[in-house]
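As the structure lists them, so they are numbered: ligands from 1, and atoms in each ligand from 1. No hydrogens, no waters, no symmetry mates; every other heavy atom, side chains included, goes into these values. The shown structure was predicted, so the numbers you read here are calculated from the model rather than taken from an experiment.
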Amino acid sequence: MRIGTKLVLGGNISDDNTGTLSTPIYHTSTFDQKKIDGDIKYDYARSGNPTREALENLINNLEEGYRGFAFSSGIAAVSSVLSIFHSNDHILITQDVYGGTHRLASRFFTRYDVNFEFVDPCDYDNIEKSIKDNTKAIYIETPSNPLLKITDIRRIVKIAKENNLLVIVDNTFMSPYLQRPLELGADIVIHSATKFLNGHSDVIAGLVVVKDKDLANEIYFIQNGCGAVLGPQDCWLLIRGIKTLKVRLDYQQKNAALLVDWLSKHEKVETVYYPGLIDHPGREVHLSQADGPGAVLSFKTKDIETATRFMNQIKHAAVAVSLGGVETIVSYPVTMSHAAIPKDEREKLGITDNLIRVSVGLEDIEDLIEDFNSAL
Ligand SMILES: *Cc1c(COP(=O)(O)O)cnc(C)c1O
């Protein structure tokens, strides 16, 4: 099956009693073992639930991996993956990772002496030079947030393989419809399924896919042992959301391209960041590893007053953290997603007071442009 077909059909499991088309929601905590002839597949719903398994098989199938796992949030997926490391392990992680991942790496896993070193995602020589005897993995996010910087996944994989390291990719911004890191040689893929995969701003969920059996055993040990599993109702919502991923993203990308084009010509806009732009420095690499530029962009206004006025005046678009929903969401990284980073560090990363991030939704583009125009 091609990916569009997999998205629609891949999450359906039938039920021999009824022939149901939609996957049943198995709301149960446990299973009566005396009712089963032969091998017992499910014994307790933390360890396994059929609705969750349908979702886990679906994401595994989409990412072309060995096994998938569903967690109670994207950050539960991240923390579960990072829990495979031990004290004194060293991990290279790109400096503009998601804020919650940054917090885990800099303030939580340090309690257990797992050492994270933040590196520039585009400085491959430095990444190579930073590898030590106890380095175990390279963790990346591409495109990055909020400036849409691109990391060459194949190049990271090459460096990692030469040094016997794992490559972990947070693929939230692209989804498996647009980018499949395991096919490029990565070992573990993570999603905040809260974003594009679910797509309707109504579920918090995380997914992980690994490429082989040993990693699957390690992640399963943590999923079951630490217990941050996704409940069956949310699994079902996610299976349903995933069915329309392709049509949503195709349309959102079209809207994003039109908005980018319009913003680029606006007199109050200084710069637009979007991997689909001809002059985006990562464009070529991005299009060699992904099937489209996605539906998140950011832009800088010519002065700070315009940015703050825009955030106050925008009407149709929601002012919120999060992204990937059917509705357009604008955010102001300085006071929202990146507020925890000290100002001088933030500015070094390019996250300035005139920066606005946009996750483009499914609205009529004319309405969005009119709204943006009056807010600017
Ligand atoms: C939102 C997000 C996360 C965290 O996911 P939650 O579902 O909010 O826990 C992790 N990585 C990226 C890139 C994200 O955008």
Side-chain angles (χ1 to χ4, degrees), residues 55 59 63 68-83 91 93-109 116 118 121 139-151 153 168-179 181 186 188-209 223 226-231 234-235 237-238 241-242 245 249 252 273 275 286 290 294-298 318 320-325 329-333 336-341 349 351 357-361:
L55 170 64
I59 190 64
E63 288 284 5
F69 300 89
F71 292 94
S72 54
S73 67
I75 210 68
V78 173
S79 62
S80 297
V81 166
L82 297 181
S83 297
I91 291 123
I93 185 163
T94 49
Q95 65 200 8
D96 40 11
V97 281
Y98 175 72
T101 305
H102 195 286
R103 179 170 54 200
L104 280 172
S106 60
R107 289 167 52 194
F108 181 74
F109 282 97
F116 290 87
F118 291 93
Y139 185 112
I140 61 171
E141 234 174 81
T142 180
S144 75
N145 177 24
L147 290 170
L148 292 309
K149 284 188 205 154
I150 303 303
T151 301
I153 300 175
I168 304 169
V169 182
D170 181 331
N171 201 27
T172 300
F173 271 48
M174 287 284 101
S175 89
Y177 174 50
L178 295 178
Q179 181 169 274
I188 303 178
V189 172
I190 301 175
H191 287 282
S192 168
T194 309
K195 316 291 168 57
F196 286 102
L197 280 167
N198 182 61
H200 293 74
S201 310
D202 52 13
V203 170
I204 294 279
L207 296 170
V208 172
V209 180
Q223 186 194 39
C226 298
V229 295
L230 190 64
D234 286 345
C235 290
L237 279 166
L238 198 41
I242 287 172
L245 179 66
L249 261 172
Q252 284 168 303
Y273 302 87
H286 181 73
V296 179
L297 60 103
S298 59
V321 291
S322 197
L323 54 105
I329 296 178
V330 298
S331 70
Y332 190 51
M336 296 167 76
S337 52
H338 293 70
I341 305 177
L349 296 172
I351 302 163
R357 188 189 74 190
V358 187
S359 170
V360 184

Note down each nitrogen or oxygen pair, ligand 1 side and protein side, whose separation is under 3.5 Å; give only atom names and the distance to 0.1 Å.
from: ligand 1; atom 1: 5 (O); to: Ser192; atom 2: OG; distance (Å): 3.0
from: ligand 1; atom 1: 7 (O); to: Gly74; atom 2: N; distance (Å): 2.9
from: ligand 1; atom 1: 7 (O); to: Ser192; atom 2: OG; distance (Å): 2.9
from: ligand 1; atom 1: 7 (O); to: Thr194; atom 2: OG1; distance (Å): 2.6
from: ligand 1; atom 1: 9 (O); to: Gly74; atom 2: N; distance (Å): 3.0
from: ligand 1; atom 1: 9 (O); to: Ile75; atom 2: N; distance (Å): 2.8
from: ligand 1; atom 1: 11 (N); to: Asp170; atom 2: OD2; distance (Å): 2.7
from: ligand 1; atom 1: 15 (O); to: Lys195; atom 2: NZ; distance (Å): 2.8

Item to complete: Look only at the side chain of Thr194 and the backbone of Ala205, and say whether a donor-acceptor pair between them is shorter than 3.5 Å.
Response: yes
Worksheet item: Does Thr94 use its side chain to pair, donor to acceptor, with the backbone of Val97 at less than 3.5 Å?
Response: no
Fill in: Nearest-0.5 Å distance that lies between atom CG in Asn171 and atom CD1 in Ile190
10.0 Å
Worksheet item: Taking the six-membered ring of Tyr98 as reference, does the NZ or CZ atom of Lys195 fall below 6.0 Å from its centre and within a 45° cone about the axis?
Response: yes
Worksheet item: Looking at Thr151, Asp96, Asp170, which one forms a side chain to side chain donor-acceptor pair (under 3.5 Å) with Ser144?
Response: Asp96
Worksheet item: How would you list, by chain and number, every residue that makes a ring pair (Phe, Tyr, Trp, His ring centres under 6.0 Å) with His338, sequence neighbours excluded?
Response: none
